[in-house]
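Structure first, commentary second.
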Amino acid sequence: MPAVRSTGSPGRWGKRFLGYSRNVKYLEGLNEAQKRAVLAGDGPVSVLAGAGSGKTRVLTTRIYHLIREGVPGQTILAITFTNKAAREMRERVQKMLGYEPSTVSRLTAPAGMPFIGTFHGLGRYLLETYGSRIGIPRYFSVYDRDDSEKAVAAALKALDVGAKELSPRAVLSRISRSKGEGLRAADFYEKHSRSSFGNRIVAEVWQRYEKTLSAEKALDFDDLIALPVRLLEQYEDIRALAQDRWRYIHIDEYQDTNDLQERLAGLLAEKHRNLFVVGDGDQAIYGWRGAKMENILNFEKRYPGAQTIVLERNYRATKNLVEAANAVIAQNKNRKEKKSTSENSAGAPILLHCAINAEDEALWIAGRIRGLMLEGRKPEDIAILFRTNFQSRALEEGLLRAGVPYKLLGTRFFARKEVKDALAWMRLALDPSREADKMRAAASPPRGIGKVTLGKLLAGKRGDLRAGELAKIEQFERLIAELSRAAETLAPSEFAKLVVEKSGMRKTLLDEGSEEDRERFENIEELASVAARHDGTPGKEGIAAFLAEAALASDQDEMDHPSTRSGQGGEKRGVTMMTVHAAKGLEFETVFVSGMEEGLFPHENIGGDSQAGGRERDEEEERRLFYVAMTRAKERLILTLARVRKIYGSDSITEPSSFLADIPRTGGAMLYDESDAEETIEA
């Protein structure tokens, strides 16, 4: 039986319904630990949920149970980290409640329905509702990572700092982590303006970056958490409204929360203390971006009297895989004791293959996948995971040579040029004053308005324009005004189609474009399909919600869109290739983990530029990352490494990953290689 550790009381209604609710139909199929979590009463509750332990089912069933027992649905809040996870949770709850998912708006919480979304979606909602108190415009735009990185790069260039001295990505990472810790630009500048070169530059860049955001009426990802926290802390009346709005709060993946997200949860739960968190410290892999695993490990200290429930039964994987993953993660010291169990069959042993080099490794993986496909395995049930992005090149070439269809996560749908062009037009319809969007839209497609002409316009020198220039500008402005009026009433998907038509994108890409342009047009058509998820909220409200979703899309959300590359004929389905970080929360029948070499996995340095705040490798976090990779597999786990790998243009002799020694070599969880596993491990 799964272990159950519980402290504190199940609460007033939990005591009342604990007895008879065990026989309620919707609890059938839950194990005892899962039932205890679903029926846990008022007060703080921490659920330590191992991989494959059914935590999403527990969360959704608990929400349904609360509503059945008389808790108004609109007073329930459930937060997770990706749009994909939130959508799946929302659809499950809607189905349990008898709603048709298509009839309920995606990111809003209508009467009688819980609010189920991401942390950033919640932050956006709070700022749209109450943000005017701190000067936030109603239809603010949200910078995605690419937008933020470009703004930081421009600030570095203005300071005459080259990318070789400090990379924009490293600087942005430092700013992001500092925002996640609750710091403001002025605070950071005060602290570091006379510090090391890296910190001084970050302080200067941050100041310039904030000015850019302000000028564009934009916020970035981190602002969507930092500003709501500031709002709730500064204004008691708004805090009271939010606390009474959401009396039962559920947070998924609590080990991934940073300081500010934990503060936001605490502020919302302060009055009623009904905070239900689910997480797994063993899957905490985002310390490099500010996540605090201690938030789940120290939950009982933060909330005295909290119940703690442990979900240890793994419904996903075979016994061999579960036992091997247990053995690996047990090597970590900074964790709460938890040992997953499985009642599934023993399954296939883990296979280890040692290749000559990266190309040989890729060809072996591709050949193995071809064999699985010939056995009737679907390619979409197979994943290839890697520690760092540079590994994908050789793997892609191997799959292409073998004719294996695949999709590579990382080339983000919403970051493609044609998609960003359409989004710029849509944002302009909500607020025609945005300069960056105006520059982009004027050039996409080209309409004879040059940068010099736009520069004069934006600088307030309209009188300096020649008659021909002015005519083109006025035509452009009339088009924006027409789209703005249409945005008042149209459903988001219809508005997206109108933008593509009126802007001239359809004519340029479809009617007059090349074959490549036609493929780009297909991506814009997909944009309308995504926007349709918000058609339940027509007009500018729904359009704003869609634009926020586009800015906040994660790698996993890309799985819902056509892939940019595939092994055969542009198919949209195939083997999934992605980093281990991107794979968290997903599952596949067969998982290949490539690059099991010391210095690569575990990675020798995960902090980036040390001058911009990078940090040395956290050995335990790297092991947790390997644990996450192992626990994505349901039936087969295949580990590969190369004796020689080309890094920065030079061939390097590798050593097998030290993590391989953590996997038992006796019993059903033995590592096997078709020819040389013993030699590989001992080497």
Note: [X]-[Y] ion pair, threshold 4.0 Å (strictly below):
X: Lys417; Y: Asp421; answer: yes
X: Glu233; Y: Arg263; answer: yes
X: Lys497; Y: Glu494; answer: yes
X: Glu541; Y: Arg138; answer: yes
X: Glu210; Y: Lys179; answer: yes

request  = Would you sort out whether His250 and Arg62 count as a side chain to side chain contact (heavy atoms under 4.5 Å, CB included), showing the intermediate values?
outcome  = CA-CA 10 Å; His250 304 76; Arg62 175 178 167 80; 3.1 Å; yes
Below 4.5 Å, heavy atoms only, C-beta onward: do [X] and [Y] meet side chain to side chain?
X: Leu479; Y: Arg447; value: yes
X: Leu547; Y: Met426; value: yes
X: Thr118; Y: Ile79; value: no
X: Phe221; Y: Arg145; value: yes
X: Thr579; Y: Leu385; value: no
X: Gln74; Y: Phe115; value: no
X: Leu122; Y: Leu224; value: no
X: Leu219; Y: Arg124; value: no

request  = Might you work through the salt bridge (charged side-chain N to carboxylate O under 4.0 Å, His left out) test for Arg177 and Asp222, ending with a clear yes or no?
outcome  = CA-CA 9 Å; Arg177 287 195 68 181; Asp222 304 295; over 6 Å; no
Any donor-acceptor N or O pair under 3.5 Å, side chains [X], [Y]:
X: Gln255; Y: Glu253; answer: yes
X: Ser141; Y: Lys217; answer: no
X: Tyr209; Y: Asp220; answer: yes

Just verifying a value: how many Å separate [X] [atom1] and [Y] [atom2], rounded to the nearest 0.5 Å?
X: Glu149; Y: Asp144; atom1: CD; atom2: CG; value: 10.0 Å
X: Met505; Y: Glu501; atom1: CE; atom2: CD; value: 11.5 Å
X: Asp256; Y: Glu262; atom1: CG; atom2: CD; value: 13.5 Å
X: Leu268; Y: Arg247; atom1: CG; atom2: CZ; value: 13.5 Å
X: Thr82; Y: Phe119; atom1: OG1; atom2: CZ; value: 12.5 Å

task = Please report the C-alpha distance between Arg133 and Asp237 in whole Å, then the side-chain angles of each, then the deciding distance to 0.1 Å, and finally whether the salt bridge (charged side-chain N to carboxylate O under 4.0 Å, His left out) criterion is met.
result = CA-CA 11 Å; Arg133 295 282 284 273; Asp237 59 330; 3.2 Å; yes
Determine whether the aromatic ring centres of residues [Y] and [X] are separated by less than 6.0 angstrom.
X: Trp246; Y: Phe276; value: no
X: Tyr130; Y: Tyr235; value: no
X: His120; Y: Phe81; value: no

Please answer whether the main-chain N or O of [Y] pairs with a side-chain N or O of [X] as donor and acceptor at a distance below 3.5 Å.
X: Thr257; Y: Tyr254; value: yes
X: Asp244; Y: Leu241; value: no
X: Ser484; Y: Ala429; value: yes
X: Arg632; Y: Leu586; value: yes
X: Glu128; Y: Tyr125; value: no
X: Arg316; Y: Thr631; value: yes
X: Ser173; Y: Arg169; value: no
X: Arg440; Y: Ala424; value: no
X: Thr129; Y: Leu126; value: no
X: Thr75; Y: Pro72; value: yes

Considering non-hydrogen atoms only, spot the tightest contact between [X] and [Y] and give its length.
X: Arg434; Y: Phe140; answer: NH2-C, 3.2 Å
X: Pro168; Y: Val152; answer: O-CG1, 3.7 Å
X: Thr61; Y: Met96; answer: CA-CE, 4.0 Å
X: His581; Y: Trp288; answer: NE2-NE1, 3.2 Å
X: Leu275; Y: Ala269; answer: CB-CB, 3.9 Å
X: Ile134; Y: Leu227; answer: CD1-O, 3.9 Å

ask   = What do the steps show when you test Leu483 against Val499 for side chain to side chain contact (heavy atoms under 4.5 Å, CB included), and what is the final call?
value = CA-CA 7 Å; Leu483 290 173; Val499 162; 4.2 Å; yes
task = Evaluate the criterion side chain to side chain contact (heavy atoms under 4.5 Å, CB included) for residue pair Glu488 and Lys540; output intermediate values, then yes/no.
result = CA-CA 6 Å; Glu488 296 285 354; Lys540 291 186 175 181; 3.2 Å; yes
Should we say atom [atom1] of [X] is surrounded by more than 12 heavy atoms from elsewhere, each under 6.0 Å from it?
X: Lys420; atom1: NZ; result: yes
X: Glu474; atom1: CD; result: yes
X: Arg57; atom1: CZ; result: yes

request  = Apply salt bridge (charged side-chain N to carboxylate O under 4.0 Å, His left out) to Glu270 and Arg239, showing your working.
outcome  = CA-CA 10 Å; Glu270 186 178 52; Arg239 185 166 70 250; 3.7 Å; yes
Ring geometry between Tyr64 and Tyr26 (parallel below 30°, tilted from 30 to 60°, perpendicular above 60°) =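 Because their plane-to-plane angle is over 60°, the rings of Tyr26 and Tyr64 count as perpendicular.
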ask   = Hey, what's the ring geometry for Trp425 with Phe476, parallel, tilted or perpendicular (30° and 60° as the breaks)?
value =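 Judged by the thresholds at 30° and 60°, the geometry between Trp425 and Phe476 is perpendicular.
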inquiry  = Test side chain to side chain contact (heavy atoms under 4.5 Å, CB included) on Thr576 and Phe588; report intermediate values, then the result.
reply    = CA-CA 9 Å; Thr576 301; Phe588 302 88; 3.9 Å; yes
message = My understanding is that only one of Leu77, Ile67, Val71 makes a side-chain contact (heavy atoms from CB on, under 4.5 Å) with Pro114; could you say which?
response =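 Result: among Leu77, Ile67, Val71, Ile67 is the only option passing the side-chain contact (heavy atoms from CB on, under 4.5 Å) with Pro114.
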query = Given Glu88, which of Arg90, Lys84, Arg92 fulfils the side-chain hydrogen bond (donor to acceptor under 3.5 Å, both in side chains) condition?
reply =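 It is Lys84; the other options fail the test.
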